[in-house]
Protein chains: 2
Amino acid sequence: MDTKSLLIDTATTLFQQKGYKNVGLNEILKACNVTKGALYHHFPNGKEELLITCLHGLNEDITTDIEAIFSRHLSTEDAILSMIDKLIGNFEKNGTIIGYTFSSIVSEMATMSEPVRIACSALYENMQAIYHEKLMTEGYSNESASAIAMLLTTSIEGAIMLCITQKSATPLKTIATLLPSILKVNK
Amino acid sequence: MDTKSLLIDTATTLFQQKGYKNVGLNEILKACNVTKGALYHHFPNGKEELLITCLHGLNEDITTDIEAIFSRHLSTEDAILSMIDKLIGNFEKNGTIIGYTFSSIVSEMATMSEPVRIACSALYENMQAIYHEKLMTEGYSNESASAIAMLLTTSIEGAIMLCITQKSATPLKTIATLLPSILKVNK
DNA sequence: CCTAACATACCAACGGGTCTGTTTTGTAGT
DNA sequence: ACTACAAAACAGACCCGTTGGTATGTTAGG
């Protein structure tokens, strides 16, 4: 892999695991055996530019992945449950959730850096758009689909936070049992 | 106010606004005109001890506040909606949400410091306990009450994160329209 | 041979934390 | 009521590792 991609991959993982401020440039560099010169060659604006690049990549990956799941399942319910299953598997395997959220970065940086906030915001919008579209094909009204898409996003994101905080997959498992009923009622 | 309380109050606000790593000791000290000597007199273990003290205080305040709201309303639905209203007001007034969440600290520190993670976890448990108790008095089954309490916690916490990220109160407003239906269906 | 892609030494600023010294306060004895 | 004194409550200089960032030098590819 080329140096730039290697840098992005390594930084993405570290940022997701530990947040932004908790990861130093030297740590990233050491983790992938790249020197500072190479980093500043590819990212002249330094750490924040690297972060934003990571967020964009992550955004694409997550969006693609969710889209794939949603195309594999007929109903929103099946797709969401499958997605949550994957999150749970991810969590139980790694002890943390990487690849589906950057909540740590959101809450750490949203108020500190406008470019970062915008990059984070984009992910949530993408996710909601996918949910929304699927719901529309199932016959939900536009408003209903919007509201449900929002609730799905917030409850999953919140559940991820609780899982991390409580070191348990229970929050995700629990909301998975309730979300179907919301879908049914508001159709 | 005595120096220690002043320190805790100032630090609590700053930590909630900007997270943990984004706030330096000097910033806290300057904000309340206290010197480093005084800080390390009251908190010999430094910044992290100060943070944990802040979290404990915040935990009590939030719990007390939510309990008050829940005792003022007959149904869980009314109480939750009132609570969300307060959050929205809080957000629209200050542009951020302080006093009801420390999501920034959770996601930033939960994986870095076990004592901090435990302190954060306690808040979520308290909130869920309040919801759970109220639901039980309304006649929900124990399992149902637990699940709903969890969903309320996750969706509200997630909505707060989305509000901050999108700089808009819409997420909270939207979930407020859907949560009542969950309460009704799962009774 | 020129430019992109590095490597490495270096830097100033800032971080949390410690040290030593001073003031204030509470208290016991006479 | 006054003194003595110890302990708590501060004040502020200082320390040193780390931080992100830069400057200059070297290598490799077209």
Side-chain angles (χ1 to χ4, degrees), chain A residues 1-55 57 102 104-105 108-117 119, chain B residues 1-55 57 102 104-105 108-117 119:
Chain A
M1 200 186 323
D2 62 304
T3 306
K4 188 170 183 178
S5 306
L6 182 62
L7 223 29
I8 294 173
D9 279 17
T10 311
T12 299
T13 305
L14 287 171
F15 284 151
Q16 282 191 277
Q17 283 172 344
K18 314 185 10 177
Y20 181 68
K21 287 261 178 181
N22 282 313
V23 180
L25 284 186
N26 295 322
E27 187 181 351
I28 299 171
L29 265 8
K30 197 179 294 176
C32 57
N33 264 316
V34 169
T35 59
K36 209 162 266 192
L39 195 163
Y40 275 87
H41 172 72
H42 293 291
F43 303 96
N45 294 326
K47 195 185 179 188
E48 186 164 322
E49 186 185 351
L50 174 60
L51 170 66
I52 291 174
T53 308
C54 290
L55 289 175
F102 31 73
S104 51
I105 297 159
E108 186 187 345
M109 294 293 293
T111 56
M112 303 297 292
S113 159
E114 192 64 6
V116 173
R117 186 190 69 77
Chain B
M1 201 187 322
D2 63 303
T3 306
K4 189 171 183 176
S5 307
L6 182 62
L7 224 28
I8 294 173
D9 279 18
T10 311
T12 299
T13 304
L14 287 171
F15 284 150
Q16 284 192 275
Q17 284 173 343
K18 312 178 27 172
Y20 181 67
K21 287 262 178 179
N22 281 312
V23 179
L25 284 186
N26 295 322
E27 186 181 352
I28 299 171
L29 265 9
K30 197 180 293 176
C32 57
N33 263 317
V34 170
T35 59
K36 209 161 264 192
L39 195 162
Y40 276 86
H41 172 72
H42 293 290
F43 303 95
N45 295 326
K47 197 185 178 188
E48 185 164 323
E49 186 185 352
L50 174 60
L51 170 66
I52 290 173
T53 309
C54 290
L55 288 176
F102 32 73
S104 51
I105 297 157
E108 188 185 345
M109 294 294 292
T111 56
M112 303 296 293
S113 158
E114 192 64 6
V116 173
R117 186 190 69 78

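Convention: sequence-line order gives letters A, B, ...; per-chain numbering from 1.
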*Can you list the residues that meet the ring pair (Phe, Tyr, Trp, His ring centres under 6.0 Å) rule with A:Phe15, with sequence neighbours excluded?*
A:Tyr20
*When you check the phosphate oxygens OP1 and OP2 of D:dC10, does a side-chain N or O of B:His41 lie under 4.0 Å from one of them?*
no
*Using the test side chain to side chain contact (heavy atoms under 4.5 Å, CB included), find all partners of B:Ser5 that sit at least two apart in sequence or belong to another chain.*
B:Met1, B:Asp2
*Please collect all salt bridge (charged side-chain N to carboxylate O under 4.0 Å, His left out) contacts where either partner lies in residues 38-54 of chain A, sequence neighbours excluded, each pair once.*
none
*With no hydrogens and no angle check, is any side-chain donor or acceptor of B:Thr53 less than 3.5 Å from a backbone partner on B:Ile8?*
no
*First-last contacting nucleotides on DNA chain C - partner chain A, under 4.0 angstrom, heavy atom*: C:dA4 to C:dT8
*Please collect all salt bridge (charged side-chain N to carboxylate O under 4.0 Å, His left out) contacts where either partner lies in residues 29-41 of chain B, sequence neighbours excluded, each pair once.*
none
*In B/S/- notation, 5' to 3', how is nucleotides 11-30 of chain D contacted by protein heavy atoms closer than 4.0 Å?*
BB------BBBB--------
*Does a side-chain N or O from B:His42 land closer than 4.0 Å to OP1 or OP2 of D:dC10, or not?*
yes
*Check for a donor-acceptor pair, side chain of A:Asn22 on one end and backbone N or O of B:Glu108 on the other, with a separation under 3.5 Å.*
yes
*Taking the side chain as C-beta and beyond, is there a heavy-atom pair between B:Tyr40 and B:Leu25 under 4.5 Å?*
yes
*Using atom types as modelled and distance alone, determine if a side-chain donor or acceptor of A:Thr3 lies under 3.5 Å from a backbone N or O of A:Val34.*
no
